[in-house]
Number of protein chains: 2
Amino acid sequence: MNSVTRIPRPHPASMPPRTETRDRAAVTPTDRSHPAPRRVRMEEVARVAGVSPATVSRALKSPETVSERLRARVQEAAARLGYAPNRIAGSLAGARTPLVGVIVPSLTNSFFAATLDRMTTILEAEGYQLLIGQHAYDAAREERIATAFCSWNPSALVITGRDHTRGTVGLLSAAPCPVVEMWDHDDRPLDTGIGFSNREAGRLAGRYFAEQGFDKVAYVGAILGQDARARARSQGFAEQVRHLAGQDPLIADAKSRELGEGAAALRQILQRQPDTRAIAFSGDMLAVGAMFEAARMGLRIPQDLAILGYGDLDIAAHTNPPLSTIRPPHDEIGAAVARHILHRLAVPEAQSENVDLGVRLIRRLSA
Amino acid sequence: MNSVTRIPRPHPASMPPRTETRDRAAVTPTDRSHPAPRRVRMEEVARVAGVSPATVSRALKSPETVSERLRARVQEAAARLGYAPNRIAGSLAGARTPLVGVIVPSLTNSFFAATLDRMTTILEAEGYQLLIGQHAYDAAREERIATAFCSWNPSALVITGRDHTRGTVGLLSAAPCPVVEMWDHDDRPLDTGIGFSNREAGRLAGRYFAEQGFDKVAYVGAILGQDARARARSQGFAEQVRHLAGQDPLIADAKSRELGEGAAALRQILQRQPDTRAIAFSGDMLAVGAMFEAARMGLRIPQDLAILGYGDLDIAAHTNPPLSTIRPPHDEIGAAVARHILHRLAVPEAQSENVDLGVRLIRRLSA
DNA sequence: CTGTTAGCGCCTTCAT
DNA sequence: ATGAAGGCGCTAACAG
């Protein structure tokens, strides 16, 4: 059913070979057909407005330093010619680049998507563009991306977590711009850190189960080998259960964060520990998958089995019964990171900081 | 519970003011303390390796054009000094920028996230970086982002949909790089188009309901006023129902794409048309919300009411009963766009194309 | 195969 | 308040 239509109409497709347009004066016979689709530069605006390029630069970037008359003339000329400054050139000359590099493990993870959403919205409004890279929990790839980003001279660098290769650490420590490590709070940051303690999120779950008097409990993590944050949560949970209930919880490690794995984990846990009274999950989707499976098995929630999620996705409020869950500050992180960066850039003496945004237990009916 | 710790330790925070480092020879007394943390440049690599800067450039970018001996010397020197090329400078000189601008309506929409995921992965591997912008279905914001992206001289520009302001159209038509309009196939693209027909996706749903012999049917769209793609689907659905069943379907317009709205829409539809036999939703989450609500109301699915989703999210396969849905080619779009761009950039005579990736009906048990 | 040379387009002192 | 001039760091013709 797929169809492909070739479109033969000529289009200014790939960049014209350098030589064709290099010398604006000497147009060779061959490219007469192509009416030099060269982008308009500041020099032409200057010519049209009857001023010098320097004045154009000033009129556009700091209008208050230019007389009102010239400013108007320049702006009109720029508008008429459809002038758009070349930011590559501007960045080279200005030593500052309105670029912020952000590295996340995954773009499809809705937590990081929410963070990026807030960051772009806030930073775009101030004229910054985001360079976004994803490393899929691969530390070497993270280092490659960080290296690549550094070579763009960004105004700031944002990276997820505080656990990096030596190379990445060296790079970030030497970076001549603010560096923000977000989403974690368990270790000391290289520069600024904005996040929360995953360990504490896990502890919160363990403490809640203990308070409810659940004796046999379990925890379902996901790809614990890769995801240090998920690991920290499971450790916090185990620690607290051990401490308050005096026993080791059963810990399962799902192969992914998806629903199907939650269902599988539920079956596995009930097989290994039939009298399990409550299960905490490393992600709401796992929890929802387990709830669907529980429904199929005829288990009542929370009477037979209590279920606690993590994430507070939209769906959590709408399941049957509504899912109790732990809410990380996903969008707050994005907003706080963006604001911190703007502050650091605006106020040279601004200091780095280490912010714990905390987590909240959202109590609904499933646990 | 939130806490903020100020970290007083000195850090190379904001870019040093230009003047401090402008003249490398004349270091003023004030900044003696700061041991000129200037990034190493190609010139220094050249000096250390005992060659000219041009040779360093060649040894690093096209090693095959340099003698093995020098290549080794240069690479060693670069590694030892921790040299990272300045891409801003490289881009200015080279007239090509390894940047691809991508504009999507929303980063948190899992469809676009999947597309972006594939695009970054493929393009990053070839040395390109993605500039990502989101406009939240605001055409003026889309135009601002497009303008900003053009001023980075990107190697390619990718935009969602084929419905833009005149300004955006002008900009994209004049762009000296390949332009891809993705996710739609209903209109003619400006350059290359890669997507599918939303109208056809809607028709498919309508046709399926007609084939099943459902007489009273309804459609639940979401923010139809903003989302042209959702609108096209609802129109295709209505068109087909009218054509095959000879009647107008009930159309509801949800205020968002979230679960809660699906539940609300279900109640509203059953009130306005109590004998509704089947409902198609503009998004799986709406459909899942409606299924949860149906369960609360004691309605059996599909016996009392058939439900069809759109999106084929992970969750669709795991609901009770599993959700039948229409699957758009979200990740295929990302892969196809990335490959098209690489092809266009590699083969100067490559043409633009108009690709319909099609949709599929995934039949499970809910309809 | 290698070095020399001349910019890429803009910003920013400096002088007027 | 405005213009002239130099340079940001690198690439790409060209000559050797």
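First the proteins, then the strands, lettered A, B, ... as listed; each starts at 1. All figures in this text were calculated on a predicted structure; none of them were measured in a lab.
Using a 4.0 Å heavy-atom distance criterion, A:Ile88 is classed as making no nucleic acid contact. At a threshold of 4.0 angstrom between heavy atoms, the contacts of B:Pro85 are confined to the sugar-phosphate backbone, with no base atom among them.
A straight line from NZ of A:Lys61 to P of C:dT13 spans 13 Å, rounded to a whole angstrom. Summarising the geometry, the separation between CG on A:Asn153 and C1' on C:dC11 is reported as 15 Å, rounded to the nearest angstrom. Rounded to whole Å, the distance from CD on B:Glu44 to C1' on D:dG9 is 11 Å. For B:Asn86 and D:dG7, the CG to C1' distance is 14 Å, given to the nearest whole Å. Between A:Arg96 atom CZ and D:dG7 atom P there is a gap of 24 Å when expressed in whole angstrom units. In this entry the distance linking CG of B:Leu70 with C1' of C:dT2 reads 8 Å, nearest Å. Taking atom CD on B:Glu43 and atom P on C:dG3, their separation rounds to 14 Å, with Å as the unit. Atom P of nucleotide C:dC11 and atom CZ of A:Arg41 are separated by 14 Å, given to the nearest angstrom.
Looking at A:Thr55, its side chain never comes within 3.5 Å of a backbone N or O of A:Val51 through a donor-acceptor pair. Using modelled atom types, no side-chain atom of B:Ser62 and backbone atom of B:Thr65 make a donor-acceptor pair closer than 3.5 Å. Using a distance-only test at 3.5 Å, with no hydrogens or angles considered, no donor-acceptor pair links the side chain of B:Arg58 to the main chain of B:Val66. Remark: side-chain polar atoms of B:Arg73 are paired, donor with acceptor, to backbone N or O of B:Ala49 under 3.5 angstrom.
Taking only distance into account, the side chain of A:Arg58 meets the base of D:dG3 through a donor-acceptor pair shorter than 3.5 Å.
Near-neighbour residues of DNA chain C inside residues 74-81 of chain A, defined by a heavy atom below 4.0 Å, are absent.
Rounded to 10 degrees, the angle between the two end axes of the helix from C:dC1-D:dG16 to C:dT16-D:dA1 is 30°, with five pairs used at each end.
Phosphate contact (OP1/OP2 of D:dA12, side-chain N/O of B:Ser57, threshold under 4.0 Å): absent. Listed pair A:Tyr83 / C:dC10 meets the phosphate criterion, a side-chain N or O lying under 4.0 Å from OP1 or OP2. Distances shown here put a side-chain N or O of B:Ser67 below 4.0 Å from the OP1 or OP2 atom of C:dT2. Under 4.0 angstrom from either OP1 or OP2 of D:dG3 there lies at least one side-chain N or O belonging to A:Thr55.
Using a 4.0 Å cut-off between a side-chain N of Lys or Arg and a carboxylate O of Asp or Glu, A:Arg41 and A:Glu44 qualify as a salt bridge. Salt bridge A:Arg141/B:Glu124: present, at least one basic N to carboxylate O contact under 4.0 Å.
Of the candidate nucleotides C:dC11, D:dA12, C:dC8, D:dA12 has the atom nearest to the side chain of B:Ala54. Among the nucleotides D:dC10, C:dG9, C:dG3, the one closest to the side chain of A:Ala93 is C:dG9.
Interatomic distance, A:Gln129 CD to A:Leu131 CG, rounded to the nearest 0.5 Å: 9.0 Å.
Summary of the strand contacts: B:Val66 and B:Ala89 both lie near DNA chain C, and taking for each the nucleotide with the nearest heavy atom, the more 5' one is attributed to B:Val66.
Side-chain contact check for A:Tyr128 versus A:Leu99: every heavy-atom pair is 4.5 Å or farther apart.
When the shell of 6.0 Å around CD of B:Glu68 is examined, it contains 12 or fewer heavy atoms from other residues, nucleotides or ligands.
Inspection of the A:Thr192 and A:Glu181 side chains reveals no N or O donor paired with an N or O acceptor under 3.5 Å.
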